[in-house]
Student: 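What follows is a single structure, and I will ask about it in a moment.
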Amino acid sequence: MSPRSWNPTTVVQGVHWILLGLFLWLEPGSASLPLLMDSVIQVLAELEQKAPVTEAIPIASVWQLSAQHSGPQDPLHHFLLQSWSLQAIELDPTTLSPELQGLTKEVARHSVQGRQEYGVVLAPDGSTVAVEPLLAGLEAGLQGHRLINLPLDSTATPPDASDHSPDVRVTSPDNQASSPDAKAKAPTTVDSLLVTLARDLGLTFLQGPKNWSHPGLGAEGCWDQLSTPRNFTLLNPEASPLTTAFLNGALDGALLGDYLTRAPKPRPRLSHLLSQYYGPGVAGDPTLRSNFRRQNGATLISAPALTQQVWGTLILLQRLEPAHPQLQGMSQEQLVLVATHATKEFTEAFLGCPAIHPRCVWGAAPYRGHPTPLRLPLGFLYVHHTYVPALPCTTLASCAANMRSMQRFHQDTRGWDDIGYSFVMGSDGYMYEGRGWHWVGAHTRGYNSRGFGLAFVGNYTAELPVEAALRVVRDVLPRCAVRAGLLRPDYKLLGHRQLVPTDCPGDALFQLLRTWPHFDANVKLRTARRASRRSKRKPPPVTPTSQ
Ligand SMILES: *[C@@H]1O[C@H](CO)[C@@H](O)[C@H](O)[C@H]1NC(C)=O
Ligand SMILES: *[C@@H]1O[C@H](CO)[C@@H](O)[C@H](O)[C@H]1NC(C)=O
Ligand SMILES: *[C@@H]1O[C@H](CO)[C@@H](O)[C@H](O)[C@H]1NC(C)=O
């Protein structure tokens, strides 16, 4: 393959499709740039600068489709490419500096091999993001929101690759009937924005009788180091390919793709768009940020629509790859069951759960001593404020620094094994793992083994946490924990002051807690103290309310 120069005829519908044939020139692992989202943004900025800009439309995207690089070409991608009438071109490998080339190669493909996850980068908000599904969503968005007709009439023998001439109907997705029976009808189209997510959801949940609930879906991992990350290792050795990083990338791709279909022209440069999205928010909107991707994703993607997408994508794959080992001989009924299950897991166990930064993201010191396991499910959530730090934290840097200082205080000054809280809620959209779901904390004296201690960073004597943070503790975390069997469905929510003489969680926050679901106004400090004294002599009573 020889380097070629830019060819203006390849500008199709204002979009450049860049095939980075340059991957072939590089040794694996030769990149010297850290695996950060900022490095990806740097590559895009460089491409935007070097590529010819036509019609004031920025360069579309970086992609690699090199068959030589990754084995046989993905038939789904091939189908979609043709349907978009795009032509690939190659970029002169000398266009990018060697370190940018190295990075591009390193993140081009997402994969999970054993416990190592490849093709992912660390974003400024502390989340890890797979680049491949992110770019796929951006591509789809730049193409406009499309519903692609499934080749349903081509039955048993699909046409060979050169024969694909799928009929692309560009429709506003709103036109698609959402009548009550739409759910039961076989889909006839797939939505280009959701195809990547739908394919991986469908294929993962096809794989047999295993239950892909946590930790199969949404596995977390840790970087070797946070300043110059190179190596990402999953925490659970049995992780499915549907890692948190993959789902983050697919969701960011869908959200940003959706934004691009609506963005006024000229469209923003992708480097600029990503800087905003992984920073303060797109176009000054503080909610269109990576920090709030799950909440935004739940608004964008309804469960019935996603079920149709997963089902449709599986039908498409069945047509394109008749010899696919898992899809062969699957009936429509079986496919719709897979699609329904996959969608339910994704919406309930991922979109419907809080985004929790594991300990490695905030730089936790190790636990001292031997943790005591909790006996799950627990019956209580105890709400705290940290009081000190008194200011809400709104960035990864400040929230992580707060976590470390609280941990130091609890370990060194208080002499505890670890930071006391089970989880800590930042005002950056993230929850931070303290002792976590499985170990007894040190947050609510006398009651630590019966409930999770949840603290909001800040002093909520006179003010309230931001709504996004309140929502996570009020609705998202309890629903997710009950579903996962960590919290009893009849759990009770209490303020710290109901059990221990303290002002915590602050007057303002406590007044608000009284209006929340599952708040138990019957628990008062006096009965609690008696229960606490009793519990020192006898085995602990079943609930702190016991008279
Ligand atoms: C798997 O799912 C089935 C049906 O939802 C359930 O009955 C079973 O207990 C689950 N198995 C495991 C190991 O979670
Ligand atoms: C990445 O980290 C894991 C676990 O720490 C280690 O086993 C592996 O060898 C590392 N890989 C590289 C390429 O450094
Ligand atoms: C907490 O807020 C209250 C009310 O604004 C204030 O009186 C108190 O000094 C604050 N405490 C800290 C540690 O900032």
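No hydrogens, no waters, no symmetry mates; every other heavy atom, side chains included, goes into these values. The structure presented is a predicted model; accordingly, all values stated were derived computationally and were not measured. Whatever order the structure lists ligands and atoms in, that order sets their numbers, starting from 1.
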Student: Under 3.5 Å, which donor-acceptor pairs link side chains of residues 356-368 to any protein atom two or more places apart or in another chain?
Tutor:
from, atom 1, to, atom 2, distance (Å)
H357, NE2, D125, O, 2.9
R359, NH1, D418, OD2, 2.7
R359, NH1, G434, O, 2.8
R359, NH2, A365, O, 3.1
R359, NH2, D418, OD1, 3.2
R359, NH2, D418, OD2, 3.3
W362, NE1, E433, O, 2.8
Y367, OH, D417, OD2, 3.1
R368, NH1, Q411, O, 3.4
R368, NH1, D412, OD1, 3.2
R368, NH2, D412, OD1, 2.9

Student: Can you give me a line-by-line list of nitrogen or oxygen pairs between ligand 3 and the protein shorter than 3.5 Å?
Tutor:
from, atom 1, to, atom 2, distance (Å)
ligand 3, 2 (O), N459, OD1, 3.3
ligand 3, 2 (O), N459, ND2, 2.3
ligand 3, 11 (N), Y387, OH, 3.2
ligand 3, 11 (N), N459, ND2, 2.9
ligand 3, 14 (O), N459, ND2, 3.4

Student: Does the gap between the ring centers of H384 and F456 come in under 6.0 Å?
Tutor: no
Student: So, using salt bridge (Lys or Arg N to Asp or Glu O under 4.0 Å) as the criterion, who are the partners of R497 when residues are at least two apart?
Tutor: D507
Student: Quick one: side-chain hydrogen bond (donor to acceptor under 3.5 Å, both in side chains) partners of H272, sequence neighbours excluded?
Tutor: Q276
Student: Do H518 and Y491 have their ring centres less than 6.0 Å from each other?
Tutor: yes
Student: Would you confirm whether the ring centroid of H496 sits within less than 6.0 angstrom of the ring centroid of Y382?
Tutor: no
